[in-house]
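First the structure, in the form of structure tokens, and then the observations on it.
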Amino acid sequence: MTTRPWSCDTIVALPDSTRGRAVLFGKNSDRPAGEAQPLRRRPARPAGGPLRLAYLTIEDAPAYAHIGSSPFWCWGYEMGVNEHRVAIGNEAVFSRVWADAVAREKAGDSQQPGILGMELVRLGLERGSTAREALDVITDLLERHGQWGSAMVGTPHAEGSYDNAFVIADPREAWVLETIGRDWAARRITSGVASLSNELSIRADADLTSSGLREAATRTGWPSERPLDVADAFTDPGTPLQVSHIRRRRSHQLLTDETAAGIGLHTMKRVLRDHLEDTFLGGPSFDAARPDFHTLCMHEHPSGFTWGNTAASLIVELHDGPGPLILWWCPVTPCTGVYLPVPLDIESLPDGLTRPAPESSWDPRDHHRPAHDPLAVWWQWQHLLDAAKDPRARNFTARAARLRTSFDDLEARWERTLPSPADGPGARTAFVRTCLDEARATATGLAHEFGADPAVALDSRWAAPTV
């Protein structure tokens, strides 16, 4: 059974390739099925006392206001945007350095805990006013504190750890940052498109590296006389790349195909909802109840052949124009979900978007997956996914098409009726609540249409424990 967290996809398109001449950032966060991922909104604040993370405590610093999409147990984020229009998302990657740490951990040599990749995402958002500044924040913390520790609920370090890669973007540029233990390499993107999945992609084209990267490569056996190819030198040979490489090449192809016409919000949605449609592998043969491939929109297979589900998806246009940024956030799998518009300067998030609330411990080993909560937006869409792929109905294709018809109409109307830049935060907050009410009413009606009770978990794994 596949248990390694080898999923997530991040895409970015620079202004020369987009319809609106702004940077477009998107990410699918793929996590264990049933791991709720609500939204969090944090206002700007001054520095406080020592900052407690999952496995260590670090010094605090002043923080910028931001919104992030967070696994329910985690202090950090899978993806988010801050008040300076910096967007960050991370990916699990698997290096030779990571594999060596796993082997030592399994042999009883406990590794020094470090910062989780999701925590680095939030720290970059809190402390970086540009993409380059956020990159410097993340790499400085990485070099000082390292990265090590399980990022999966109820899972030991050796099974739930990974190195991290990031896409960091602002309205002018993007950076691909790939990390190997405490070392790293970064590539600047100023034009075209870029895709990131669960594999090292920087070759001999790094624009910045850690001072110790070359020495670390030598320790892995890379010949000192050869130019450093980061991916070739550090990729773990024990990690198969077909689960990530196909997705990375697929997202890059879909973006590139739209560059001449101009990539827009609909392009980003199509990429993040992709099941290899219009190829010999996809189309009507795809069934979310029995997925045969790790597609960009991720679904778990009952045998464990494919790992986890897309837990949330985010798209944002990082423009320099007047008015707030709009985060388009989708709970659970985007093929069966709806992208809700969430202005960055919203006064407060509706309660349903923030459930389940964070608990006292940020250590995932202290948690179990929470039970189905009909008041939580995330759980309502998990329930809808379960109804759509109900194996007894044998009708996912038709049900998914029904969902898309309903939700696409909502998304199109919301795009047409977005508040103007002159409207204040109060009007934008009211707009979000109206959109959410419409989405929830539509989802409830669709669940009933599929013969499901929205208040009752369809999958027994999500049922509340009996006492």
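- Proximity of H66 to E83: side-chain heavy atoms (C-beta onward) are nowhere separated by under 4.5 Å.
- Checking Q147 against W98 by side-chain atom types alone, no donor-acceptor pair falls below 3.5 Å.
- Between the side chains of R402 and S406, at least one donor-acceptor pair of N or O atoms lies under 3.5 Å.
- Formation of a donor-acceptor pair under 3.5 Å by the D16 side chain with backbone atoms of G192 is found in this model.
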Exercise. Please lay out, stage by stage, how L196 and E178 fare under the test side-chain contact (heavy atoms from CB on, under 4.5 Å).
Key: CA-CA 10 Å; L196 193 65; E178 297 178 351; 3.5 Å; yes

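- A side-chain N or O of D163 and one of S95 form a donor-acceptor pair less than 3.5 Å apart.
- Among all heavy-atom pairs drawn from D373 and W379, the shortest one is O-CB, 3.2 Å.
- A donor-acceptor pair is defined here as one N or O able to donate and one able to accept, closer than 3.5 Å; such a pair exists between the side chain of D207 and the backbone of R188.
- Side chains of S348 and R433 form a contact here, defined as non-hydrogen atoms less than 4.5 Å apart.
- The 12-atom threshold is not exceeded at CZ of R394, counting heavy atoms of other residues, nucleotides or ligands nearer than 6.0 Å.
- With no hydrogens or angles considered, no side-chain donor-acceptor pair links E78 and S69 at under 3.5 Å.
- For the pair R122 and W75, the cation sits on the ring face: its NZ or CZ lies under 6.0 Å from the ring centre, inside 45° of the axis.
- A side-chain donor from one of H245 and E199 sits under 3.5 Å from a side-chain acceptor of the other.
- In this structure, a donor-acceptor pair under 3.5 Å is absent between the side chains of Q37 and R31.
- A donor-acceptor pair is defined here as one N or O able to donate and one able to accept, closer than 3.5 Å; no such pair exists between the side chain of T333 and the backbone of C335.
- A distance of 8.0 Å separates CE in M118 from OG in S29, rounded to the nearest 0.5 Å.
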Quiz prompt | Criterion side-chain contact (heavy atoms from CB on, under 4.5 Å) on R250 and L296, from CA distance to verdict | solution = CA-CA 8 Å; R250 173 65 170 169; L296 288 162; 3.9 Å; yes

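- A donor-acceptor contact shorter than 3.5 Å is absent between the side chain of N395 and the backbone of R399.
- Residue H266 holds its NE2 atom at 12.0 Å from OH of Y339, rounded to the nearest 0.5 Å.
- A salt bridge does not link R404 with E277: every distance from a Lys NZ or Arg NE/NH1/NH2 to an Asp or Glu carboxylate oxygen is 4.0 Å or more.
- Annotation for A174 and V12: closest pair CB-CG2, 4.1 Å, computed over non-hydrogen atoms.
- If you take CZ on R40 and OH on Y77, they are separated by 8.0 Å, rounding to the nearest 0.5 Å.
- Annotation for A87 and V316: closest pair CB-CG1, 4.2 Å, computed over non-hydrogen atoms.
- Taking the side chain as every heavy atom from C-beta outward, L265 and I315 approach each other to under 4.5 Å.
- Using a 4.0 Å cut-off between charged side-chain N and carboxylate O, R413 and D409 make no salt bridge.
- Contact check for L418 versus F431: side-chain heavy atoms found under the 4.5 Å cut-off.
- Distance alone, capped at 3.5 Å, places no donor-acceptor pair between the T155 side chain and the A151 backbone.
- With respect to D9 and R247, a salt bridge is recorded, a charged nitrogen being found less than 4.0 Å from a carboxylate O.
- Side chains of W414 and E438: a donor on one and an acceptor on the other come within 3.5 Å.
- Taking 4.5 Å as the limit, some side-chain heavy atom of H301 sits within range of a side-chain heavy atom of P291.
- Rounded to the nearest 0.5 Å, atoms CG (L385) and CG (N309) are 5.5 Å apart.
- The shortest non-hydrogen separation linking A92 to N198 is O-ND2, 2.9 Å.
- Under 3.5 Å, the side chains of R273 and T310 contain no donor-acceptor pair of N or O atoms.
- Salt bridge present: E126 and R45 bring a charged side-chain N and a carboxylate O closer than 4.0 Å.
- Checked by atom type and distance alone, the side chain of R440 pairs as donor or acceptor with a backbone atom of L375 at under 3.5 Å.
- Checking side-chain atoms of E159 against main-chain N and O of P156 turns up no donor-acceptor pair under 3.5 Å.
- A tilted orientation is assigned to the rings of F407 and W381, their planes being inclined by 30° to 60°.
- R132 places a side-chain heavy atom less than 4.5 Å from the side chain of E173.
- Side-chain contact between L272 and I11: present, with at least one pair of heavy atoms (C-beta onward) separated by less than 4.5 Å.
- Between the CH2 atom in W184 and the OG1 atom in T139 there is a gap of 4.5 Å [rounded to 0.5 Å].
- Between the side chain of H157 and the main chain of S150, a donor-acceptor pair closer than 3.5 Å is present.
- Looking at heavy atoms from C-beta onward, L142 lies out of side-chain contact with I115 at the 4.5 angstrom threshold.
- The aromatic rings of Y162 and F94 sit perpendicular, their planes meeting at an angle over 60°, well past the 30° parallel limit.
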Quiz prompt | Residues V193, T256; criterion side-chain contact (heavy atoms from CB on, under 4.5 Å); working and verdict | solution = CA-CA 7 Å; V193 300; T256 301; 3.9 Å; yes

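- Panel note: side chain K27, backbone C8; no donor-acceptor pair is recorded below 3.5 Å.
- In terms of modelled atom types and a separation under 3.5 Å, the side chain of H383 and the main chain of D453 share a donor-acceptor contact.
- At a threshold of 4.0 Å, the pair D205-R203 does not count as salt-bridged, since none of the basic side-chain nitrogens sits closer than that to a carboxylate oxygen.
- Considering only residues two or more places apart in sequence or on other chains, D386 meets the salt bridge (charged side-chain N to carboxylate O under 4.0 Å, His left out) condition with none of them.
- Looking at every heavy atom in both residues, L314 comes nearest to G80 through CD2-N, 4.1 Å.
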Quiz item: Passes side-chain contact (heavy atoms from CB on, under 4.5 Å), R365 versus Y55? Steps please.
Solution: CA-CA 11 Å; R365 298 170 304 172; Y55 301 121; 3.4 Å; yes

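- Considering every non-hydrogen atom in both A54 and D363, the closest pair reads O-CB, 4.0 Å.
- With no hydrogens or angles considered, no side-chain donor-acceptor pair links Q253 and S195 at under 3.5 Å.
- To the nearest 0.5 angstrom, W329 atom CH2 is 4.5 Å from L39 atom CG.
- Judged by distance alone, the side chains of E133 and S129 do bring a donor and an acceptor atom under 3.5 Å apart.
- One finds no salt bridge joining R85 and D320 here, because no Lys/Arg side-chain nitrogen approaches an Asp/Glu carboxylate oxygen to under 4.0 Å.
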